Amino acid sequence: MLEVRGIDAGYGDVQVLFGLSLDVGDKEIVTLLGSNGAGKTTTLRCICGVLSPRSGEVLFRGKPLSRVPAADRAGLGIALVPEGRELWPQLTVRENLELGAYHARARARVRQNLDRVHALFPRLLERRSQMAGSLSGGEQQMCAIGRALMSEPSLLLLDEPSLGLAPIVVDQMFEAFRALHREGMTILLVEQNLAAALEIATRGYVIETGEMKMQGSAQDLRNDPKIRTAYLGL
């Protein structure tokens with residue numbers, strides 16, 4: 001479904017990614033591992049079109065995205081849940097969710113997609129008239145994920161979805177990811193909780209200082225001594 005081929009990317013004079021490549025197959029959950037500042041968020045930004053690579057290319061379903069702006073990539077089926085959620089705090093939960101239905105196909109199915117989001121996160125139905133800025137951290141993350149799902153994506157990009165959340169909320173969040181995967185959703189997951197990420201992922205990549213250093217099945221990465229020492233604290 002997704003191919004990232006040798007991309008270089010950065011901000012101003014600072015280069016962050018150096019010839020980075022990865023791929024995500026249809027209906028996979030793939031996790032991107034690495035320490036803070038390794039380039040994980042920059043990779044997701046290049047995929048969704050918020051940042052343009054300086055070289056290399058990103059392909060979605062075999063077609064290059066270099067000339068496709070970020071807004072149109074949502075219509076193709078790519079949705080990003082950004083680190084920090086980036087909700088509109090002065091709008092209600094319902095209004096934040098409806099803003100996720102950006103392109104024409106999703107706008108025509110708002111009711112059905114709201115029902116889907118509420119089934120996945122019943123708390124959002126209870127809080128539908130509440131201002132998003134007054135929600136708990138866990139509820140805000142549910143709202144951010146729900147907003148992305150309103151665009152009917154086939155590829156969901158998740159950037160640190162468990163950041164700052166209580167363990168019980170993290171468990172609920174990852175159960176939701178499993179449910180989405182069972183429905184056929186393809187997921188690229190950047191996650192600080194590496195043990196949880198490798199528990200649900202099919203495969204994983206390890207990025208260090210903007211370069212891909214390791215890849216393999218989730219089980220192989222879990223059992224790798226370097227990963228266990230550097231990232232799992234074992």
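All residue numbers refer to positions in the sequence shown, counting from 1. In this text the structure is predicted, and so the values were computed from the model without any measurement. Atom set for the values below is all heavy atoms of this structure, side chains included, hydrogens, waters and symmetry mates excluded.
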Do [X] side-chain atoms and [Y] backbone N/O form a donor-acceptor pair below 3.5 Å?
X	Y	result
Thr31	Ala197	no
Arg127	Val93	no
Asp224	Asp220	no
Glu191	Asn193	yes
Asp159	Val190	no
Lys27	Arg182	no
Arg73	Leu65	yes
Glu28	Gly25	yes
Gln141	Gly138	no
His103	Asp72	no

Pairing donors with acceptors under 3.5 angstrom, does anything connect the side chains of Tyr102 and Arg147?
no
Go through the side-chain N and O atoms of Arg203 and Gln215 and say whether any donor and acceptor fall under 3.5 Å apart.
no
If you define the side chain from C-beta out and look only at heavy atoms, does anything of [X] sit under 4.5 Å from [Y]?
X	Y	result
Ile145	Phe177	yes
Arg61	Leu155	no
Phe60	Ser154	yes
Met131	Leu91	no
Pro153	Thr186	no
Leu17	Pro53	no
Val4	Asp23	no
Leu2	Leu22	yes

So how far is it from [X] [atom1] to [Y] [atom2], rounded to the nearest 0.5 Å?
X	Y	atom1	atom2	answer
Leu59	Glu3	CG	CD	5.0 Å
Glu126	His118	CD	NE2	10.0 Å
His181	Leu189	NE2	CG	11.5 Å
Met212	Ser21	CE	OG	7.5 Å
Met1	Ile78	CE	CD1	9.0 Å
Asn113	Arg105	CG	CZ	9.0 Å

Starting from the C-alpha separation in whole Å, work towards a yes-or-no answer on side-chain contact (heavy atoms from CB on, under 4.5 Å) for Arg178 and Glu199.
CA-CA 10 Å; Arg178 290 188 180 93; Glu199 186 66 32; 3.8 Å; yes
Do [X] and [Y] share a hydrophobic cluster (ILVMFWY, side-chain heavy atoms under 4.5 Å, transitive)?
X	Y	value
Leu157	Val68	yes
Leu156	Val24	no
Met214	Val30	no
Ile200	Ile187	yes
Leu158	Val169	yes

Quick one: do [X] and [Y] make a salt bridge, cutoff under 4.0 Å?
X	Y	value
Glu57	Arg67	no
Asp115	Arg111	yes
Arg116	Glu152	no

Starting from the C-alpha separation in whole Å, work towards a yes-or-no answer on side-chain contact (heavy atoms from CB on, under 4.5 Å) for Tyr11 and Thr42.
CA-CA 9 Å; Tyr11 309 92; Thr42 300; 2.7 Å; yes
Write down the atom of [X], the atom of [Y], and the distance for their closest heavy-atom approach.
X	Y	answer
Met173	Leu165	CE-CD1, 3.7 Å
Asp8	Gly19	OD1-N, 2.6 Å
Val50	Ala70	N-CB, 4.2 Å
Leu51	Gly10	CD1-O, 3.7 Å
Ala148	Val81	CB-CG2, 3.6 Å
Leu87	Gln140	CD1-O, 3.5 Å

Evaluate Lys40 against Leu33 for side-chain contact (heavy atoms from CB on, under 4.5 Å), listing each step before the verdict.
CA-CA 8 Å; Lys40 305 184 299 299; Leu33 312 176; 5.8 Å; no
Let me see the working for Leu163 and Gln192 under side-chain contact (heavy atoms from CB on, under 4.5 Å), right down to the final yes or no.
CA-CA 7 Å; Leu163 186 64; Gln192 61 168 350; 3.3 Å; yes
Around atom CD of Gln219, are there more than 12 heavy atoms from other residues, nucleotides or ligands closer than 6.0 Å?
no
Under the salt bridge (charged side-chain N to carboxylate O under 4.0 Å, His left out) criterion, do Glu208 and Lys213 qualify, and how do the steps go?
CA-CA 6 Å; Glu208 294 179 5; Lys213 295 296 185 181; 5.3 Å; no
